[in-house]
Structures are given as C-alpha cells and as structure tokens.
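Computed from a predicted model, the values in this text were never measured in an experiment. The figures here come from the full heavy-atom set of this structure, side chains too, leaving out hydrogens, waters and symmetry mates.
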Amino acid sequence: MTGPVLALVAGAVVGLALGGLGGGGSVLAVPALIYLLGLTPAEATTASLIIVTCTSVTALTVHARDGNVAWRTGLLFAAAGIAPAMLAGAAADHLPQSVLTAAFAVIAALAASRMLRPGRTEPSGHIHAGKAGAAGAGLGAVTGFLGVGGGFLAVPALVGVLGLAMRTAVGTSLLVITINSLAALAARAGAGAHLDWTVIAPFTGAAILGAWDGKRLSKKVRGRTLQRVFAWLLLTVAAFMLADVLV
C-alpha cells in the first residue's frame, strides 16, 4: 500500500476508536504513524495531536447532541490536567525514546487491566469536585509525559474513579481529549516540527468519517462490551510496543 492509502486505513480505525469508544485515538495513531507511515516519534506525536483534535471535536458534537457529555466533570478533568501536562512534557524531553515507549506500553496495559475488572458502570449520582480534579491532574501528567491526547486513560478514570456510565464516559472523554490536545499543540507551536500533510490530511479525513461510524456502533453495543473491546485493543497495542523496545 502507498502512504496515502495506509493513512486512510489507519485513520478510519482511529476514528472508529474515538467515535465508538471515546478514546484510543492517540494510542493507535502514534504507532500507526511511526510503524506504518515512517514518521519519526517527534513528527508522529505532533501529527497525532492534530488528527485526534479534529476527530475528537467531530465526535464530541455528536455525543453532546445526544446528551452523553458530563460537561462539569470533563472541564474539571481538563482544567486540572493542563499544568501537570506541561510540566511532565518538559521532563519527558530529557528521557530516551525507548524509556518513553516502554512507559507508554505499561500505562496502556494498566488502563486496559482496569477496564477488564468488574466495576461500576452506572452514574454515582454525585460528582466529587476534589476527586475529579485529582484524577484530572494525574491524567494530565501522564498525557504530558507520553505526548498523547489521553482518552485511553480518561475513559477508565471516568468510569472507575467517578462512576460514570460507559456512554457518558465516552462522550466526556472526548471533551477532555480535545482540550488536552489543543493545549499540547499550543505548547509545541514554536518547536518547528515537520508536518507531512500528505499523511496528515487523508488520515484526518478518514478518522472523522470513521468517528461517525463509531458513534453509530456505540448505540448498538452494550457498554460493558465496549469496555472489553477497548481493553483488549489497548493490551494488543501495549504488547506490540513493549516487544519493539525489548527486541
């Protein structure tokens, strides 16, 4: 396959993840951009933020229209995570790429394990501001350290820590992803990273279309099933990336 065709295929998969699962976009986009499309890690990270931001905004509008966004909780998560994300991002610049890749894989595996454990998937009826802020700060720190949108951690946190229903967590995570990704892009604006628009444009277009299909899929599948699909997807990506570091 040629680069643009691969970008279209990979973008469609990322869009399905964001639209149907509310996360996994960055954790899928970064490996695809590196291993399938030949971008450097720095280029892939910046490109993925552009792709995931555009796709998340599209998916967010659909979920918001259906009432599946807990705005107050999502804003608390995002606001609490901005400063930690910036600090962690600065620290990450001084670490070898192999360390960051291994950390990426471990965090993804831990998030998947949490999703596979039985837990509350119904709203708790009360959102504790302190708990939401603390979880958001932790999420922001990990997001800044790994250089991704953070949806693959936002959904487990929203479900497991705050007790949101899966579909509400899906929609709310898209709000968190959008804000975190925009903040990360603003921080990287002066870095002068090369952007290959022949890859980014088709990838983004396919991801946006895939997000619409993913949203329709989420209406037909039970929340617990979505959790399991999401978890196994994360475990697969984590195993692949960890193997690449160790081999």
Out of curiosity, does [Y] fall in the hydrophobic cluster containing [X] (side-chain heavy atoms, cut-off under 4.5 Å, transitive links)?
X	Y	value
L185	L195	yes
I208	L8	no
I34	I50	yes
V245	I107	no
L182	L49	no

Determine yes or no for a side-chain-to-main-chain donor-acceptor pair under 3.5 angstrom, with [X] supplying the side chain and [Y] the backbone.
X	Y	answer
T55	I51	yes
S56	T53	no
S173	V170	yes

side-chain contact (heavy atoms from CB on, under 4.5 Å) evaluation trace for F203 with L37: CA-CA 11 Å; F203 202 122; L37 296 164; 3.9 Å; yes
Looking at side-chain heavy atoms only, is the closest gap between V199 and P4 below 4.5 Å? no
With the side chain counted from C-beta on, respond yes when L36 and V9 share a heavy-atom pair under 4.5 Å apart, and no when they do not. no
Within this structure, what is the [atom1]-[atom2] distance for the pair [X] and [Y], rounded to the nearest 0.5 Å?
X	Y	atom1	atom2	value
I82	N180	CD1	CG	7.0 Å
R72	T172	CZ	OG1	12.5 Å
L209	T204	CG	OG1	11.0 Å
H63	L175	NE2	CG	12.0 Å
Y35	D244	OH	CG	3.0 Å
L158	T73	CG	OG1	7.5 Å

I need the minimum non-hydrogen distance between P31 and V237, along with the two atoms involved. CG-CG1, 4.1 Å
A70 to L164 - nearest heavy-atom pair and separation: CB-CD1, 4.4 Å
Please list, chain by chain and in numerical order, all residues satisfying salt bridge (charged side-chain N to carboxylate O under 4.0 Å, His left out) with D66, sequence neighbours excluded. K215, K219
Verdict with supporting geometry, E43 and L33, side-chain contact (heavy atoms from CB on, under 4.5 Å): CA-CA 9 Å; E43 293 170 347; L33 290 166; over 6 Å; no
Tested for side-chain contact (heavy atoms from CB on, under 4.5 Å) against V52, the lone hit among I177, V30, V57 is I177
Whichever hydrophobic residues join L242 through chains of side-chain contacts under 4.5 Å: L246
